[in-house]
K.L.:
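Pasting a structure below so you can have a look.
Just so it is clear: chains get the letters A, B, ... in the order the sequence lines come, proteins before strands, and each one is counted from 1. As the structure is a prediction and not an experimental result, all values here were calculated from the model.
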Protein chains: 2
Amino acid sequence: MKVSAQEFTASAAPLPAALPAALADGVFPAGCPSRTVLDHITSKWGVLILLALSEGEQRWSDLRRRAEGISEKMLAQTLKTLERDGLVTRTAQPVIPPRVDYSLTGRGYELSALLVPLVAWAFENADDIIKGQP
Amino acid sequence: MKVSAQEFTASAAPLPAALPAALADGVFPAGCPSRTVLDHITSKWGVLILLALSEGEQRWSDLRRRAEGISEKMLAQTLKTLERDGLVTRTAQPVIPPRVDYSLTGRGYELSALLVPLVAWAFENADDIIKGQP
DNA sequence: TAAGGTACTTACATGAAAGTTAGTGCCCAA
DNA sequence: TTGGGCACTAACTTTCATGTAAGTACCTTA
């Protein structure tokens, strides 16, 4: 499963990128499955979990610490959604105490490559944006 | 035991862009302004409006049509938030019938360059993702 | 005269997302 | 033996984002 780094590096550059052909009419259809997927990956905690996992496999408790403020319920729920979407893999080891590792799938990795620059941008611009409010 | 970000970078060549230095500890702080900004730009309609405007200046009624399913209230609200965040500019012409144009600021344009590949990805992968659900 | 387009605002309603609290079973260290 | 860490699940509640419906003000076309 080869992921082309060049491709993502290029698309992440701050240059005008074209929308896919299917959106050439400029209309974003309402019932479209992409709306659902977009909702999952842009959910409050979804982004943070994907980001955290972009740095490598991590345990439940690691993720709890990293996504500061997340509740156990939301962590479980977010992970389940991402797993169902085929973006995250769960690996449980039958040891005591339990050890469960979460990591990105190829597809999840692909996605995180697009999310990282976005979050980095938000992080860098957040202070300016919030400060400039009337 | 613990996998450092540096180690991971070194071992996996096609790595997505690194996180900003402030996040080097892998923790996404809870009270951080970037959380707010992230919430704005990843909101259900925020993404679509920014995307639509990435193709150039547009009128209120254009945006309504493009972000299929949006209500007038949500359009107004989303535009106001994006304007306050300095991502969108509003230009009203005192003509009858009223004509108001919305466009991206430099910062908004910068952001849209990061959002476009993300939405394109969601659009391309949505069918596979939804179909593969248990 | 009525209907429709333009760009909104306001009040109220709902529903999904998120938070809260508690409980599970197992083990280990103090 | 009390407490904590681990990885969850379930039930209940609250908050907030979003939806619905209607009103505003002006002008044009039928």
K.L.:
If the cut-off is 4.0 Å, is A:S61 near the phosphate of D:dG5, judged by side-chain N/O to OP1 or OP2?
P.N.:
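It does not, given that no N or O in the side chain of A:S61 lies less than 4.0 Å from OP1 or OP2 of D:dG5.
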K.L.:
Please determine which of A:T78, A:T81, A:D85 meets the side-chain hydrogen bond (donor to acceptor under 3.5 Å, both in side chains) test together with A:H40.
P.N.:
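Of the listed residues A:T78, A:T81, A:D85, the side-chain hydrogen bond (donor to acceptor under 3.5 Å, both in side chains) partner of A:H40 is A:D85.
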K.L.:
How long is the line joining CG of B:L75 and C1' of D:dT20, in whole Å?
P.N.:
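After rounding, the gap between these two atoms is 16 Å.
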K.L.:
Between the protein and nucleotides 20-22 of chain C, list the N/O to N/O atom pairs that are separated by less than 3.5 angstrom.
P.N.:
none

K.L.:
Which residue lies toward the 5' end of DNA chain D, B:G69 or A:P97, if each is placed at its nearest nucleotide?
P.N.:
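The 5'-side residue here is A:P97.
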K.L.:
Hey, what do you get for CH2 (B:W60) to CZ (B:R65), rounding to the nearest 0.5 Å?
P.N.:
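It comes to 13.0 Å.
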K.L.:
Rounded to whole Å, please give me the gap between CD in B:Q93 and C1' in C:dT6.
P.N.:
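Taking atom C1' of C:dT6 as the reference, CD of B:Q93 is at 13 Å.
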K.L.:
Rounded to whole Å, how long is the line connecting atom CZ of B:R64 with atom C1' of C:dA7?
P.N.:
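Going from B:R64 (CZ) to C:dA7 (C1'), I get 11 Å.
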K.L.:
Supply the atom-to-atom distance B:S112 OG to B:L118 CG, rounded to the nearest 0.5 angstrom.
P.N.:
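It is 12.0 Å, given to the nearest 0.5 Å.
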K.L.:
Going by heavy atoms closer than 4.0 Å, what residues in residues 35-45 of chain A are next to DNA chain D?
P.N.:
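Per residue number, the list is empty: none.
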K.L.:
Measure CZ/A:R99 against C1'/C:dC28 and give the value in whole Å, please.
P.N.:
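In whole Å, C:dC28 C1' and A:R99 CZ are 17 Å from each other.
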K.L.:
Whole angstrom is fine here: how far is it from CD1 in A:I70 over to P in D:dA7?
P.N.:
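For the pair A:I70 CD1 and D:dA7 P, the rounded distance is 14 Å.
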K.L.:
So, does A:Q93 use its side chain to make a donor-acceptor pair with the main chain of A:T91 at under 3.5 Å?
P.N.:
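No; zero donor-acceptor contacts below 3.5 Å.
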K.L.:
If you find the nucleotide of DNA chain C closest to B:W60 and the one closest to A:P98, which residue's nucleotide is nearer the 5' end?
P.N.:
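Nearer the 5' end of the strand: B:W60.
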K.L.:
Looking at C:dA7, I'd like to know if its phosphate oxygens (OP1 or OP2) sit under 4.0 Å from a side-chain N or O belonging to B:R59.
P.N.:
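For B:R59, the contact criterion (side-chain N or O under 4.0 Å from OP1 or OP2 of C:dA7) is met.
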K.L.:
D:dC6 C1' sits how many Å from A:Q58 CD, rounded?
P.N.:
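It is 16 Å, rounded to the nearest whole Å.
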K.L.:
Look only at the side chain of B:T89 and the backbone of B:L104, and say whether a donor-acceptor pair between them is shorter than 3.5 Å.
P.N.:
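It does not hold such a pair.
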K.L.:
Taking the side chain from B:R66 and the backbone from B:L51, do they hold a donor-acceptor pair closer than 3.5 Å?
P.N.:
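Between the backbone of B:L51 and the side chain of B:R66 there is no qualifying donor-acceptor contact (under 3.5 Å).
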K.L.:
Between B:E68 and A:P29, is there a donor-acceptor pair closer than 3.5 Å when you use the side chain of the first and the backbone of the second?
P.N.:
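Here the side-chain-to-backbone pair does not exist.
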K.L.:
Figure out the CG/P separation between A:L79 and D:dT9, and round it to whole Å.
P.N.:
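That distance rounds to 10 Å.
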K.L.:
C:dG19 P sits how many Å from A:E68 CD, rounded?
P.N.:
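For the pair A:E68 CD and C:dG19 P, the rounded distance is 13 Å.
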K.L.:
Is the side chain of A:S34 donor-acceptor paired with the backbone N or O of B:A126 at a distance under 3.5 Å, no angle test?
P.N.:
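Looks like no, no N/O pair under 3.5 Å.
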K.L.:
Looking across every strand, which nucleic acid part, if any, lies under 4.0 Å from B:Q77 by heavy atom: base, sugar-phosphate, or nothing?
P.N.:
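Contact class for B:Q77: base.
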